[in-house]
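To start, the structure itself, in structure tokens.
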Amino acid sequence: MPTTDPATAQRRRILVVTPDTLGVLMAGPAIRAWEIAKALSAVGDVRLLSTNRVTDDLSHDDFHVAFADDRGLRAHVEWAEVLVFQGHILRSHPWIKTTDTIVVADIYDPMHLEQLEQGKDLDPEDRLAVAIDTVEVLNDQLERADFLVCASEKQRDFWLGQLAGLARINPATYDRDPGLRSLLDVAPFGVQNEPPVQNRHGIKGTVPGIGPDDKVIVWGGGIYNWFDPLTLIEAVAVARKAHPDLRLFFLGAAHPNPNIPTMQMAVQARERADALGLTGETVFFNESWVPYADRADYLLDADLGVSTHYEHLETAFSFRTRILDYLWASLPIISTDGDTFAHIIRDHDLGRVVPPEDVDALAGAIEELLYDSAARARIAENIAVYAREHTWENTLRPLVAFCADPAPAPDRVAGIVSERNRVVNDLATRIRGLEQSSSWKLTRPLRATSEWVARRRRKL
């Protein structure tokens with residue numbers, strides 16, 4: 001990793017780009033981009049862009065916030081020394097790959113694993129196409145990036161394998177740094193640097209059906225296909241028999257990004273709560289998305305944070321960002337076994353870990369952590385200690401250090417490319433040559449008609 005002290009280094013021109021919506025209502029990718037922009041403001045002049053939209057006149061004193069279409073993004077990239085991006089940015093704007101700007105890929109989300117669950121709602125052919133395309137979206141990032149960050153050491157091992165398959169682990173990158181931290185490091189989601197402050201009650205005594213003295217379990221985020229809210233709802237149905245003051249509140253039933261559709265699991269969760277007669281009495285769905293700046297009003301009204309999921313590949317390499325908010329609010333945590341946080345919760349006594357789809361174990365953990373005051377006090381103290389070590393200021397240090405003293409990847413300087421990249425570049429060169437030929441130009445109208453007919457036949 002670069003050894004320059006960020007406090008004394010030359011200030012850099014840094015561009016942070018997200019394809020997610022930036023605004024008062026923000027989901028995980030936008031929140032991460034926002035916090036990255038804040039952290040990088042310590043070492044550079046930062047611009048934070050959304051290629052989707054910016055709402056609510058969002059602004060910050062330490063960096064510029066704006067929307068940019070493709071044309072606008074070109075000007076910003078030309079200005080920047082360093083580009084930090086996430087998601088589909090390279091796929092949507094492939095010209096970035098040919099620029100001299102130093103590129104940092106934020107691969108905290110293994111989208112191709114996530115898509116295996118998310119795509120279950122699609123037709124088989126469409127599901128396969130989207131899954132393969134998502135792999136290529138990530139391969140583009142892994143091949144072009146000068147530096148990459150992911151969310152955990154387990155993820156890093158996974159990504160190192162994919163980097164090796166793309167020839168990014170080569171003599172040039174290895175000789176510079178045999179540990180390869182200068183190519184790929186860990187910068188997980190963090191806990192808010194400032195402690196939470198409640199300005200009003202977001203849940204207790206505010207949501208109809210939830211009283212000021214009720215015990216509230218919070219599901220802190222969206223309901224996606226890779227989660228398991230169904231076992232949780234059934235466990236709450238069991239636990240409420242002895243504890244009628246028990247309430248479950250789903251914090252984010254509607255996503256702030258209009259491009260994210262309602263997922264089938266969100267529909268099934270409502271159906272299960274309805275079938276058990278719990279909706280509006282024990283189980284509650286927030287019909288909007290809580291503003292990022294106001295989430296403390298809701299988290300501090302909760303008594304327990306929960307994250308339940310199924311046993312599959314996405315779980316193994318996930319990093320449940322909502323759990324960071326539970327830590328921030330000093331909430332005891334119940335999590336399903338199998339993900340990155342499971343061993344953290346166990347090792348640091350931050351709550352309880354239960355087997356996947358085990359209703360009775362989950363109901364027992366809920367009862368213990370809500371109604372055992374001694375256990376709650378001990379866990380709250382452990383959480384306070386752990387959270388202080390995992391603020392955004394600490395988790396983003398590898399990224400801040402690189403951006404304070406950026407350098408192109410040595411294999412990119414040497415022109416080392418994988419066979420896949422060589423073939424892609426060769427095809428692009430051939431296409432450009434064809435497009436400049438007279439025969440190509442003369443037959444363009446005919447090709448356009450043929451392509452339209454082919455698309456129409458596929459659709460029919």
Side-chain angles (χ1 to χ4, degrees), residues 25 195-223 227-254 266 269-308 322-323 325-335 350-352 354 359-360 362-381 383-384:
L25 305 178
V197 175
Q198 189 172 43
N199 297 311
R200 67 177 184 87
H201 287 287
I203 301 175
K204 291 185 176 182
T206 300
V207 176
I210 303 181
D213 298 321
D214 287 337
K215 297 292 187 180
V216 174
I217 305 168
V218 67
W219 174 283
I223 306 174
F227 287 119
D228 176 20
L230 308 183
T231 299
L232 174 60
I233 291 169
E234 292 176 2
V236 165
V238 172
R240 75 187 282 264
K241 294 176 183 177
H243 303 283
D245 61 342
L246 178 61
R247 302 290 184 267
L248 169 61
F249 187 75
F250 287 92
L251 196 59
R270 291 177 185 271
E271 291 175 347
R272 187 65 54 87
D274 290 344
L276 294 172
L278 302 178
T279 304
E281 294 184 6
T282 302
V283 177
F284 299 81
F285 297 90
N286 185 29
E287 299 302 336
S288 62
W289 196 269
V290 172
Y292 182 53
D294 297 342
R295 71 196 191 286
D297 295 338
Y298 295 79
L299 293 168
L300 294 179
D301 261 356
D303 300 284
L304 175 65
V306 67
S307 177
T308 50
R322 63 194 62 197
I323 290 181
D325 269 349
Y326 301 159
L327 295 175
W328 183 54
S330 297
L331 292 177
I333 303 162
I334 295 178
S335 176
L350 307 178
R352 294 291 177 266
V354 297
V359 173
D360 292 335
L362 183 52
I366 289 171
E367 185 169 8
E368 177 190 4
L369 292 188
L370 282 181
Y371 299 98
D372 184 336
S373 56
R376 287 183 57 81
R378 183 187 71 252
I379 289 171
E381 185 175 338
I383 289 173

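If you're wondering where the values come from, they're calculated on a predicted model, not measured in any experiment. Worth knowing before you read on, the calculation uses all heavy atoms, side chains too, and leaves out hydrogens, waters and symmetry mates.
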*More than 12 heavy atoms of other groups within 6.0 Å of E381 CD*: no
[X] vs [Y] side-chain heavy atoms within contact, under 4.5 Å:
{"X": "I203", "Y": "F284", "value": "no"}
{"X": "L369", "Y": "R352", "value": "yes"}
{"X": "I333", "Y": "L327", "value": "yes"}

*From the options T282, V283, I233, select the one residue that forms a side-chain contact (heavy atoms from CB on, under 4.5 Å) with L276.*
I233
*asked:* Against Y298, only a single residue in V207, V216, L251, V218 fulfils side-chain contact (heavy atoms from CB on, under 4.5 Å); can you say which?
replied: L251
Treating [X] as the side-chain partner and [Y] as the backbone partner, does any N or O pair qualify as donor plus acceptor under 3.5 Å?
{"X": "D228", "Y": "T308", "value": "no"}
{"X": "R247", "Y": "E281", "value": "yes"}
{"X": "R376", "Y": "D303", "value": "yes"}
{"X": "D301", "Y": "G202", "value": "yes"}
{"X": "R295", "Y": "Y292", "value": "yes"}

*Looking at E287 and R270, does any basic side-chain N land under 4.0 Å from a carboxylate oxygen?*
yes
*Mind checking the CG-CD spacing from L304 to E367? Nearest 0.5 Å is all I need.*
12.5 Å
*asked:* Distance check, rounded to the nearest 0.5 Å: Q198 atom CD versus D294 atom CG?
replied: 11.0 Å
To check you understand the geometry: which heavy-atom pair defines the closest contact between [X] and [Y], and what is its length?
{"X": "I217", "Y": "L246", "result": "CD1-CD1, 3.6 Å"}
{"X": "A365", "Y": "V354", "result": "CB-CG1, 4.0 Å"}
{"X": "I366", "Y": "A239", "result": "CG2-CB, 4.4 Å"}
{"X": "L331", "Y": "G305", "result": "CB-N, 4.1 Å"}
{"X": "K204", "Y": "P212", "result": "CD-O, 3.6 Å"}
{"X": "A296", "Y": "V197", "result": "CB-O, 3.5 Å"}

_Taking side chain to side chain donor-acceptor pair (under 3.5 Å) as the definition, give me every residue that meets it alongside Y326, ordered by chain and number, with sequence neighbours left out._
none
_Restricting to side chain to side chain donor-acceptor pair (under 3.5 Å), what partner residues turn up for S307, sequence neighbours left out?_
none
*asked:* Students often mix this up, so state it plainly: with edges at 30° and 60°, are the rings of F250 and W219 parallel, tilted or perpendicular?
replied: tilted
_Any donor-acceptor N or O pair under 3.5 Å, side chains D274, T279_ = yes
*Go through the side-chain N and O atoms of Y371 and D245 and say whether any donor and acceptor fall under 3.5 Å apart.*
yes
